[in-house]
Amino acid sequence: MDVTTIVDPLNDAQREAVTAPKRPTLVLAGAGSGKTRVLVHRIAWLICVEGLSPQQLLAVTFTNKAASEMRQRIEALLGVPTRHFWIGTFHGLAHRLLRIHWHEADLAEGFQIMDSEDQLRMIRRLLKRLELDENEWIPREIQWFINAQKDEGLRPDRVNDDGDLKRGQMIEFYKHYEKMCADSSVVDFGELLLRALELFKNKPDILEQYRARFHHLLVDEFQDTNTIQYQWLKLVAGTEGTPFVVGDDDQSIYRWRGARVENLHLFEKDFKGTHIVRLEQNYRSTANILNAANAIIKNNSSRLGKKLWTEGDPGEPIMLYTAFNERDEAEFVINRIEDYFGQGYKRSEIAVLYRSNAQSRIFEESLLAAGIPYRVYGGLRFFERAEIKDALAYLRLIANRDDDPSFERVVNKPSRGVGARTIEAVRAHAVRQDSSLWRATIAIISDNELPKRSSRALSKFLQLVNGLDSDTGEMPLHDQVRYVTEASGLIAHHGRDGQMSGEARIENLKELVSAALGLIRNDDSELPPLAEFLSYAVLESGEGQAEADEDGVQLMTLHSAKGLEFPLVFLCGLEDGLFPHQRSISDVGGLEEERRLCYVGLTRAQKRVFLTYAERRRLYGSENFGLPSRFIDEIPQELLEEVRPALSVSRPIYRPKNTLEDAVAIDIGQRVRHHKFGDGVVLNCEGSGSHTRVQVNFERAGTKWLVITYANLELM
DNA sequence: CATACAGACATAAAC
DNA sequence: TGTCTGTATG
C-alpha cells in the first residue's frame, strides 16, 4: 500500500488529523468537511504506516449504517476485508464483549436483548404485578426514567431520590424491574452498556487484556456520546491511551436521549496533551448556504468555535416562502419540485425536511396527488413489525424458555384458547413460586388447579414450543425459521386474515427466512446461529419502509437528515412553536439544540435551500397562527430572497422581528387580553403607527376590529 | 375471538 | 385531525 494513496486526497487539516502522532486527538469536523474520510484514512494510516494490526483497533459509531459505511470505505481504500475488524456501534461492541464474558458479567449464557417496545411491555407487566395504576404510573415515563439512569451509568442504589417521594418510588420500581429482567434473562439496550462498563470496572484483569489489545480507539460522532459511553471509553483507553475522536458540537442534537456535548470539553481535560484539529473547509454547500448556517449557529453560547468556509461559489440566495397555510406550503414545494425536474434533478436529489413527523402527511398527500414518487423515512422498521416480533418470540422461547416477555406475547397467538383468566392464573402462580411463566405453567398443569380446557390449551402451547425446538434442532438456521413460522400457526393465522395486510404479513415472514439465510456470521462468534440471529434482529432492526420507491423525493425529519446531503433542500414549517418546537423554547439549552438542528438542516443542502413557513397551520384539529421562526431572523437579509412579494396576501408577510418598530407591533397569532372582551387571538393587522388596527378573535365576544392605540390590549 | 367503537394522544429516535 | 390502543360486544 502506497502512503500517497492515503495522504494525497486530503487537504491540510485532514492530513494533519490523519497523520497525527500517537496522542489523544480531537477532530472538530464541521458539516461536510470530510469527517468519515478522515476516520477511514486514519485507520488506513495506522495499519499501513504505523504498522498496527487491525486487531489493535477499536472503532465505534452510533448507527449500524455508519459502521458499515466505514467498513466499505476501508475495504475500498485498502482492498482488504474488514470482517474481523472491531468496528461497530457502542451497543454492538458491548454485546460482543458480553457474549464472550457473560459469566464474568453475571449474565445468563443465553441472555436475550429487548428492544424499546419489549421494554415497555415489561414495564407494563411489572406495573400489573405490583398492582400499580397505569394512569398514575405512566409506563412511558417510567421507561424514560430508567433509561435516563442507565444513560448516566447509575444502578438504583446510586440514584438519589432528592427527597422526592415519587422519585423514590420510581427508584424502587427500577429495582423491581432489574430483578424481573434478570429472572427472564433479558437485557435492555442500556443494560448492555451498563454491564459492559461494570465488566471492566469489576474485572481489572479483563480490562487489562483489552487495554493492552486496543491501542487505538476511534470514535465517530463523539458529540453524541452519553455519560456511560464516555466512561466506558475512558476505561478502555486508560491513562496511557490515545483515543482519536471526531465530532462537531454544532451538530449535537440528541441531548434528549442522553447525549452530552460536554464530553467534547471533558475530553481535553481528561486526556492530557490533546491535539485538536479543526476541519472547517466544506465541500458540500455553496458559500451562501454556509454563511447562513454560520450566522445562525453564531447565536449559540459555549461553542468550541468553528467557521465553515468553501472555495466554491456564493451560489443562489436562500429562498423564503411565506405560505398561507400548510396546504399552500405543500403546494409550493411540489410546484418547485416539478420545476426542478425540468432542470434535470432526480427525485432522490430533493429532500423535504421538517421538525416533526406529523408534518409529513400533507406533503405525502400532495406528492401522491401530483403522481410524484416519494420516500418517507422513519416509521416501523423490518424487525419491529408485529408479525416479525411474533415469529422472533417463538424463536426466543426455543433458545430460552424463561423469556417471559416472549411467552406472554405468543401463548395465545394464534389463539389457542388461552384466555385472559388463564394467563392471569399463570402469572399469579409465577409470582408465588418466583419462577418464570414457563415453569409456572408446567406446575399449574400438574397441580390441576385450572379448568381442564385451559390446562389442555396451555399444555398444547408447551408441547408446541418443545416440539419446535426438538424438530428443528438439526436444521440450518433459515429452515428452522421457516419451520417455526409455519408450525407455530402464524402463517396460517395471517392467511385467514383475508385482508391485504394479512398477505403483506406473510410476505414479511418469508422475508424473515431470507434474512436468516443472509445472516453473515461473525467470524469469532461462539454463539449458536439462532442466538446470533436473534441478537442481530434486535441490534440491527433493519430499514424502515426502505425500498418503497428507489428514486423518490426524500421526506424526513431534521433529525433523520443528519449525515445526509442533497442538492436541493426544502426546510418546512419554520414557525416559532413548531421549529423551534414549543417544548424546547422555554429553556436556553433546548433552544440552542433547536438552533443546532436548524444548522444541521441548512448544511444538508448542496446547491439550493428553500425555507417555508405557514401563517396558519391546522395542527391536531385546531387552527394555529404562527410567527416566522426566530431562526429566519438570524439569517442575514442579503442572503435571503422572498419568493412571493406582498401581492396576493391580505396581511403583512415576513417582517424581521428585531427592529425597534416591530418590537412594539402586534404580530399575527399573538394572544391578547381586552378588559371587556376577554382573551383572544390577533387574526389580522392593517395600517401603521397610531392608525394600526388589529382584528382579534375573542374566545367569548367573537371577532372584532380594534384600533391599537385605544384598545389597551394586554399582550399575553 | 374478530370486529367496532370510544378514548387518548400527538418532538425528535439509534441501539 | 388522524392514528393507534384497549375494551365491549355479538
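Please read all numbers here as calculations on a predicted model, not as lab measurements. Residue numbering restarts at 1 for every chain, and letters A, B, ... go by the order of the sequence lines.
If you measure from atom CD of Glu134(A) to atom C1' of dG7(B), you get 15 Å, rounded to the nearest angstrom. As rounded to whole Å, 14 Å separates atom P of dG2(C) from atom CD of Glu364(A). Atom P of nucleotide dG6(C) and atom CG of Asn135(A) are separated by 12 Å, given to the nearest angstrom.
Using a 4.0 Å heavy-atom cutoff across all strands shown, Gly258(A) reaches no nucleic acid atom at all.
The cationic atom of Arg409(A) (NZ for Lys, CZ for Arg) does not lie both less than 6.0 Å from the six-membered ring centre of Tyr394(A) and within 45° of the ring axis.
Within the 3.5 Å criterion, the main-chain N or O of Ala457(A) finds no donor-acceptor partner in the side chain of Arg416(A).
Look at the C1' atom in both dT5(C) and dA12(B): the space between them is 22 Å, to the nearest Å. Separating the C1' atom of dT11(B) from that of dG6(C) is a span of 25 Å, rounded to the nearest Å. On the C1' atoms, dT3(C) is 24 Å away from dA14(B), given to the nearest whole Å.
Taking the six-membered ring for Trp and the full ring otherwise, Tyr613(A) and Phe579(A) have centroids separated by 6.0 Å or more. For Trp256(A) and Tyr254(A), the ring centers sit closer than 6.0 Å to each other. Between Tyr599(A) and Phe631(A), the ring center distance fails the sub-6.0 Å criterion.
Interatomic distance, Leu395(A) CG to Asp390(A) CG, rounded to the nearest 0.5 Å: 11.0 Å.
Summarising the base pairing, dG2(C) is matched to dC9(B) through a Watson-Crick or G-U wobble pair whose two defining distances lie under 3.5 Å.
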Checklist outcome for this item: Per-nt protein contacts along nucleotides 8-15 of chain B (heavy atom under 4.0 Å; B base, S backbone sugar-phosphate only, - none) come out as --BBBBBB
